[in-house]
Every structure is written in structure tokens, then in C-alpha cells.
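Working notes for the structure below.
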Amino acid sequence: MTSLPDTLSDPTARLSRLAMINTALRRLDPDAQVALEAASGRMKVLTVLPEAEVVRILRELGEPATLSTAADDAGAGCGCGCRSGQG
């Protein structure tokens, strides 16, 4: 999972950012999915791409992504395990 930067509190900006991330991931995995968890501000990334590749793509887009652990996302099942803006 990843969190969108705090500066993207505007819903239009948030959707634009998600669309850009979705497009970048779908270049390598046409079935990739990106969804925002409104309550937490975290983003779920579902893809067959390796975690390191997802982190690389997110960082190229300006997301300070890092891998999370199972304990960080207990039961979240995001598929990718990446997140940004945290720890």
C-alpha cells in the first residue's frame, strides 16, 4: 500500500494522481489496479509486477514508496505490499 501525499487533499487532484499511477503501472501490467482507501488515505496496488518494480515506478512518479510488512498491513491483502509517506 501507499499513501497519497497530504498535499493531495483535493479530490480532483487525488483522482488525477491515481489515474497517472494506474496508467504507469498498466504499461507493464495491463490488468494492474489502483484503489484509494478514503478512510486511511492509503492506496492499494494490485498487480503481478514484482514489489521492487512497483516501488520503482511509484518513486519515478514522485511517491516516496517503501515496502510494508505483513504486520504493517495485517489482513489488508493489498497484493503488492508497497506504501509511501510512512516509516
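No experiment lies behind these values; they were computed from the predicted model shown.
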Problem - Worked verdict on Glu53 versus Leu28 for side chain to side chain contact (heavy atoms under 4.5 Å, CB included) - result: CA-CA 10 Å; Glu53 182 70 3; Leu28 298 173; 3.1 Å; yes
Practice task
May I ask you to say whether Arg59 pairs ionically with Glu63, meaning some side-chain N is under 4.0 Å from a carboxylate O?
Solution key: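 Judged by the 4.0 Å cut-off on N to carboxylate O distance, Arg59 and Glu63 do not form a salt bridge.
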Could you measure the distance from the [atom1] atom of [X] to the [atom2] atom of [Y]? Nearest 0.5 Å is fine.
X	Y	atom1	atom2	answer
Glu60	Ile21	CD	CD1	12.5 Å
Leu15	Arg17	CG	CZ	13.0 Å
Arg26	Asp31	CZ	CG	7.5 Å

Exercise for the section: Using a 4.5 Å cut-off on heavy atoms from C-beta on, say whether the side chain of Leu61 contacts that of Met20. Expected result: yes
Completion exercise
Here the pair of heavy atoms bringing Asn22 nearest to Ala32 is OD1-O, 3.6 Å
Fill in the blank from the handout: Heavy-atom nearest pair, Ala24 first then Ile57, reads CB-CG2, 3.8 Å
Exercise for the section: Using side chain to side chain contact (heavy atoms under 4.5 Å, CB included) as the criterion, list what pairs up with Ala19, not counting sequence neighbours. Expected result: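 Ala19 satisfies side chain to side chain contact (heavy atoms under 4.5 Å, CB included) with no residue once adjacent residues are dropped.
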Problem - Backbone of Val48 reached by a side-chain donor or acceptor of Asp29 within 3.5 Å - result: yes
